[in-house]
Amino acid sequence: MPPKQQIHKLCQIFSSSKTPQTNSLLPKPLRTSLTPASSDTAESPDLPTWLRHKENSEFTDHNDDDFIIPTVAEWTKNDNVGNVNQVGGHLLFETDVSDVDKVGEILQKHYPSTDSVVQALNGCGVNATNALISQLLKRFSNDWVPAFGVFIWAKNQTGYIHTLEIYDSMVDVLGKRKKFCLMWGLVKEMELKGYISLVTMSKVMRRLARAGQYEDAIEAFRGMENFGVSKDIEALNTLMDALVKEGSVEHAHSVFMEFKDCMPADPRSFNILIHGYCKARKLDDARKIMDEMEKHGFQPNVVSYSCFIESYCKSKDFRNADATLDEMQEKGCKPNVITYTIIMLALGKAKQVNEALEVYDKMKRNECVPDSSFYSSLIYILSQSGRLKDAWDVFEDMEKQGIRRDLLTYKTMITSAFNHSQEENALKLLQRMEEDSCKPDIQTYAPLLKMCCKKKRMKVLKFLLNHMFKNNVSIDLGTYTLLVRGLCKNGKLEHACFFFKETVLKGMIPEDGTYKMLLEELEKNDTTEAKEKIQKLMLRAKGQNPI
């Protein structure tokens with residue numbers, strides 16, 4: 001069957017009764033250097049055979065407890081998994097693995113200050129390069145002390161000069177960790193070098209907005225010209241977009257009104273506000289913005305209408321979503337693939353699967369071509385309804401249709417595999433991402449880490465954490481919360497305490513719910529000493545003074 005017809009046939013036959021295909025595959029553990037080595041003694045399963053043998057790598061369902069991932073021995077490029085320092089994936093994303101790993105190993109230790117980081121790096125025998133520093137800033141993007149330490153260390157090296165991009169990355173890291181005094185100090189330094197651009201100020205405004213400091217973000221925009229950056233409609237739209245995405249369409253509208261007379265708005269300005277009000281479920285206000293958009297001579301476009309459709313879909317108000325779709329078509333505004341994807345995904349989440357799949361026929365009639373996001377949404381719907389075989393067929397069909405499987409596609413497939421207890425396939429997908437040169441992000445690893453916590457596969461957990469580190473994916477507070485809660489829930493209190501400590505030592509404040517959960521489990525197990533240490537750590541976390 002021609003590739004273009006396969007997805008259409010799937011939509012036609014979907015209403016037929018099928019038996020959901022599920023697996024019950026139990027993973028065996030791996031190792032990484034981020035958790036206590038002593039814990040291995042309490043774990044009964046041995047390492048799986050896929051670390052020692054190469055076989056056929058096709059996706060299959062296995063009932064064997066010692067589940068097989070045959071090509072991982074090649075993937076990890078290492079048969080001696082017992083050595084903590086030797087475990088790691090074969091990575092496609094590093095230019096100088098030895099130097100990155102050497103400096104990364106030094107930075108993994110906990111340092112009280114950036115000066116101590118610089119001191120530790122002095123004499124390490126590694127020459128600073130832009131590629132090296134760029135990777136390290138990604139690897140430690142959620143741990144500002146080593147990130148800023150290596151930034152300062154490199155700057156002090158003879159013959160080395162930070163690029164504009166590296167300065168921007170460091171500004172973003174400091175802003176992410178709410179080290180705003182240091183962030184502004186770095187911006188001042190960039191000003192002297194003539195490095196500040198709209199990209200720099202965008203990072204500043206977005207980080208301030210993310211921290212809920214809306215007025216400070218607006219003040220940063222007001223003062224942009226002092227740094228040599230034009231205060232134009234593009235910059236205003238960037239500020240408004242940051243405010244809307246971080247939950248304050250009111251501030252976005254206020255700053256729009258403040259500058260609209262000196263900066264003529266464009267269609268994007270109005271669409272940002274429409275999106276903000278639709279997101280806040282204030283549809284009457286969104287309609288007023290659309291009316292104002294028309295008064296300014298701009299016709300509402302597919303983005304404008306799609307914002308309303310998305311809001312209706314989130315409320316499962318499909319009648320008004322269809323009415324809005326009809327309205328836009330009557331006005332000569334053709335829906336695009338994003339519009340259809342929004343509708344299809346909402347129908348699928350509402351368990352109206354057949355109606356969701358009918359959206360494809362509607363797209364076809366309107367000569368709208370699916371993209372990777374559409375495919376990912378379709379895969380999600382099929383997986384959620386138990387049609388795993390169909391989900392895999394869609395996944396494989398993407399390449400035949402000329403659609404590249406992207407990060408969202410892989411995250412959807414990995415989450416699906418986890419939700420249906422297909423641990424083997426979930427890990428194989430991570431391997432396949434590398435083969436497709438698709439770099440994983442923090443959300444990619446989340447279901448895999450949950451899987452390890454649930455199944456108490458500590459060696460696999462260690463391997464994945466090391467794999468994240470090698471791929472320059474920095475662990476954030478959400479991931480630490482996942483680990484502490486998951487391990488605590490499944491009786492791995494030693495490891496839960498370890499990751500709680502890691503959270504605090506990296507300057508993050510654990511969530512109160514996570515803290516209480518860990519304390520309760522420690523009380524049940526009568527571990528008074530450990531409980532006291534956790535209490536002291538929490539006091540330390542909440543008592544940290546801003547630097």
Side-chain angles (χ1 to χ4, degrees), residues 1-15 267-268 271 274-275 278 299-314 318 321-350 352-385 387-416 429 432-433 435-439:
M1 180 181 298
K4 292 183 179 180
Q5 298 178 14
Q6 291 184 8
I7 186 173
H8 178 61
K9 181 171 179 59
L10 171 61
C11 295
Q12 290 180 322
I13 67 174
F14 186 79
S15 58
R268 182 167 179 252
N271 282 333
I274 291 170
H275 169 66
C278 286
Q299 284 299 314
N301 55 26
V302 65
V303 176
S304 316
Y305 286 109
S306 294
C307 290
F308 283 94
I309 289 173
E310 182 178 31
S311 183
Y312 287 128
C313 284
K314 285 183 177 179
F318 297 113
D322 288 339
T324 305
L325 191 65
D326 292 339
E327 178 187 344
M328 64 187 294
Q329 290 176 309
E330 287 171 4
K331 292 188 177 181
C333 182
K334 187 176 180 181
N336 63 13
V337 65
I338 296 174
T339 314
Y340 288 117
T341 302
I342 289 169
I343 297 171
M344 183 184 70
L345 185 58
L347 287 166
K349 288 182 175 180
Q352 299 183 32
V353 179
N354 290 332
E355 291 83 353
L357 292 174
E358 287 173 2
V359 172
Y360 175 74
D361 287 327
K362 190 177 292 187
M363 284 180 63
K364 186 178 179 182
R365 288 195 297 270
N366 290 328
E367 299 180 343
C368 184
V369 180
D371 62 4
S372 59
S373 294
F374 179 89
Y375 273 101
S376 298
S377 297
L378 179 57
I379 289 169
Y380 171 83
I381 292 169
L382 293 170
S383 300
Q384 288 294 101
S385 62
R387 309 286 179 143
L388 306 185
K389 174 63 166 59
D390 290 335
W392 274 107
D393 286 345
V394 172
F395 176 78
E396 297 295 353
D397 189 52
M398 289 179 67
E399 189 174 12
K400 299 174 186 176
Q401 300 256 21
I403 306 295
R404 185 177 183 272
R405 290 183 283 264
D406 60 11
L407 181 59
L408 177 61
T409 309
Y410 273 106
K411 286 195 287 192
T412 305
M413 288 297 297
I414 289 173
T415 300
S416 170
L429 282 160
R432 190 159 172 180
M433 285 186 74
E435 296 169 356
D436 279 356
S437 299
C438 182
K439 186 174 182 179

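Predicted, not measured: the structure shown is a model, and the values here were computed from it.
Proximity of I381 to V353: side-chain heavy atoms (C-beta onward) are separated by under 4.5 Å at one or more points. Between N366 and Y340, the closest side-chain pair of non-hydrogen atoms falls below 4.5 Å. Two residues are said to be in side-chain contact when any heavy atoms from C-beta on lie closer than 4.5 Å; I274 and F308 meet this criterion. Counting only heavy atoms from C-beta outward, the side chains of D436 and E399 never approach each other to under 4.5 Å. Looking at M363 and F374, their side chains come closer than 4.5 Å, going by heavy atoms from C-beta outward. Residues Q329 and P335 meet the side-chain proximity criterion, which asks for heavy atoms closer than 4.5 Å. Considering only heavy atoms from C-beta on, S372 comes within 4.5 Å of M398 through its side chain.
Atom CD1 of I309 is separated from atom OG1 of T339 by 5.5 Å, given to the nearest 0.5 angstrom. Between the OG1 atom of T415 and the CD1 atom of I379 there is a distance of 11.5 Å, given to the nearest 0.5 Å. A distance of 7.0 Å separates CG in N336 from CE in M328, rounded to the nearest 0.5 Å. How far CG of L347 is from CG of L357: 9.5 Å, rounded to the nearest 0.5 Å. Once rounded to the nearest 0.5 Å, the distance linking CG of L429 with CD of E435 reads 10.5 Å. Here L378 contributes atom CG and T409 contributes atom OG1; the two are 11.0 Å apart, rounded to the nearest 0.5 Å.
A pairwise comparison of heavy atoms in V337 and C368 identifies N-SG, 3.3 Å as the closest pair. When all heavy atoms of V394 and L382 are compared, the closest pair comes out as CG2-CD1, 3.7 Å. Between S376 and D406, the closest heavy-atom pair is OG-OD1, 4.2 Å. When all heavy atoms are compared, the tightest approach of I342 to S306 is CD1-O, 4.1 Å. Between T324 and Y312, the shortest heavy-atom distance links the atoms OG1-CE1, 3.4 Å. Nearest heavy atoms, F395 versus R405: O-NH1, 2.9 Å.
Other residues, nucleotides and ligands place no more than 12 heavy atoms under 6.0 Å from the CD1 atom of I338.
Judged purely by atom type and a 3.5 angstrom limit, R432 has no side-chain atom pairing as donor or acceptor with the backbone of Y410.
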Verify side chain to side chain contact (heavy atoms under 4.5 Å, CB included) between F318 and E355, making sure each step is shown before the conclusion.
-> CA-CA 11 Å; F318 297 113; E355 291 83 353; over 6 Å; no
Please test S373 against L408 for side chain to side chain contact (heavy atoms under 4.5 Å, CB included), starting from the C-alpha separation and ending with a verdict.
-> CA-CA 7 Å; S373 294; L408 177 61; 4.1 Å; yes
Given E327 and K331, is the salt bridge (charged side-chain N to carboxylate O under 4.0 Å, His left out) satisfied, shown in steps?
-> CA-CA 6 Å; E327 178 187 344; K331 292 188 177 181; 3.6 Å; yes
Going through the checks in order, is the side chain to side chain contact (heavy atoms under 4.5 Å, CB included) test met by T412 and Y375?
-> CA-CA 10 Å; T412 305; Y375 273 101; over 6 Å; no
Go through the steps for K389 and D393 under the test salt bridge (charged side-chain N to carboxylate O under 4.0 Å, His left out), then give the verdict.
-> CA-CA 6 Å; K389 174 63 166 59; D393 286 345; 3.1 Å; yes
